[in-house]
Amino acid sequence: MGKKRIYLSSPTMHGREQEFVQEAFDTNWIAPLGPNVTAFEQEMLAYTGAGYATALSAGTAAIHLALKLLNIGPGDVVFVSDLTFSATCNPIVYEGATPVFIDAEPDTWNMSPLALEKAFEKYPHPKAVLCAYLYGTPAQINEIMTICEKHHVPYIEDAAESLGSTYMGRHTGTFGKFGIYSFNGNKIITTSGGGMLVSDDEEAIKKALFLATQARDPARHYQHSQIGYNYRMSNVTAGIGRGQLLYMEEHKARKQAIYRQYQEAFADIPEISMNPLNPDGDANNWLSCMTIAKSSSMTPDEIMDALDAENIESRPIWKPMHEQPVFAECDFVPHNGDGSSVGSDIFARGLCLPSDIKNTVEDMERIIGIVRKCFGR
Ligand SMILES: *Cc1c(COP(=O)(O)O)cnc(C)c1O
């Protein structure tokens, strides 16, 4: 008999989601608009403390619209996290702009303020700084925003992985000119797929709604003065989101407990370090990750193989963007003085551990036992 499958991070539904979806069916609001969409936006604003929101079909769409709203186009440079998922930077290329990848720093695994300063010396006039908060850990937001303000460059927060994380008591995604959230299938809460753009700029968020719904001018006939997109969230999926949001804090508490359990379980193994948490923040611990000390002969692949052999899902750290064939032509600004990349080092020595909130005590013991065994414990 095969061993029970343990997932990295799979959707956790509670039943309330179906009530909101049923309501959408009962009222025939099966469309990319409706009461669930509006209510989900309002409930997300109440939860995060952001000013205004537009619910969208994906987090990637939210990043794309943030760039559009900042008039980013051909010839423009955007400073973007190097150690992240490709969805963070793809929209820069959709608009014909040029990403310049900013290395990670060891303290949070996020954009290095030091490398960001260096990037400004090389490219004094980027159109935006776009930073992802990896695995739910907030970046050194104050340091990054101070640099952005000094250079009068807008800051965009890719909070796709960090919904519910706070920095100095405030929700990630509410600091910059724009914040984006994702409700993809494996995120901390999910609508199967979806995203949201937030900002304190009411006009910009209205414009986002306009662009996301085919940029139709206010006229009875179909008139368009701009190119639009079909990026709006559906009323059905927004219903799932409303139900999920009720359990957001519960999900966060479970994710944090998983992180602490790994941390305690590996405390006696000096070769293992958990992913860093920002002491100025409260991370949602979307995924718990570990790195293996340089002195160890173990590799992430060996640990992932050992887990896989027991039907347990794990995953490599995001491969840095400057190492991706598709971005081979793009510039990269390293954190280290010797030109070596912090992100490449984390990628080479790290992996994401199963962080599914449905994992039982026994599941966690199984995972921990396998990893410990890899280190001869
Ligand atoms: C998931 C994710 C996105 C994209 O969100 P989608 O809703 O899948 O489009 C963007 N950035 C990061 C860092 C992500 O992890």
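A quick note: this is a predicted structure, and the numbers were derived from the prediction, not measured. One-based numbering along the sequence shown. Whatever order the structure lists them in is the order used to number ligands and atoms, beginning at 1.
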Practice task
With sequence neighbours excluded, give me every salt bridge (charged side-chain N to carboxylate O under 4.0 Å, His left out) pair touching residues 24-47.
Solution key: Glu41-Arg232, Glu43-Arg242
Practice task
For this output row, return yes or no: ring centroids of Tyr259 and Tyr135 closer than 6.0 angstrom.
Solution key: no
Problem - Co-membership, hydrophobic cluster, residues Leu245 and Met233, 4.5 Å side-chain - result: yes
Practice task
Below 4.0 Å from any atom of ligand 1, which residues have a heavy atom? Give them in chain and number order, please.
Solution key: Ala58, Gly59, Thr60, Thr84, Phe85, Ala87, Thr88, Asp158, Ala160, Glu161, Ser182, Asn184, Lys187, Gly194
Handout entry: Exercise: do Thr48 and His171 side chains pair donor with acceptor under 3.5 Å
Key = no
Practice task
Would you tell me whether Asp280 and Gln140 have side-chain atoms, one donor and one acceptor, within less than 3.5 Å of each other?
Solution key: no
Handout entry: More than 12 heavy atoms of other groups within 6.0 Å of Tyr229 OH
Key = yes
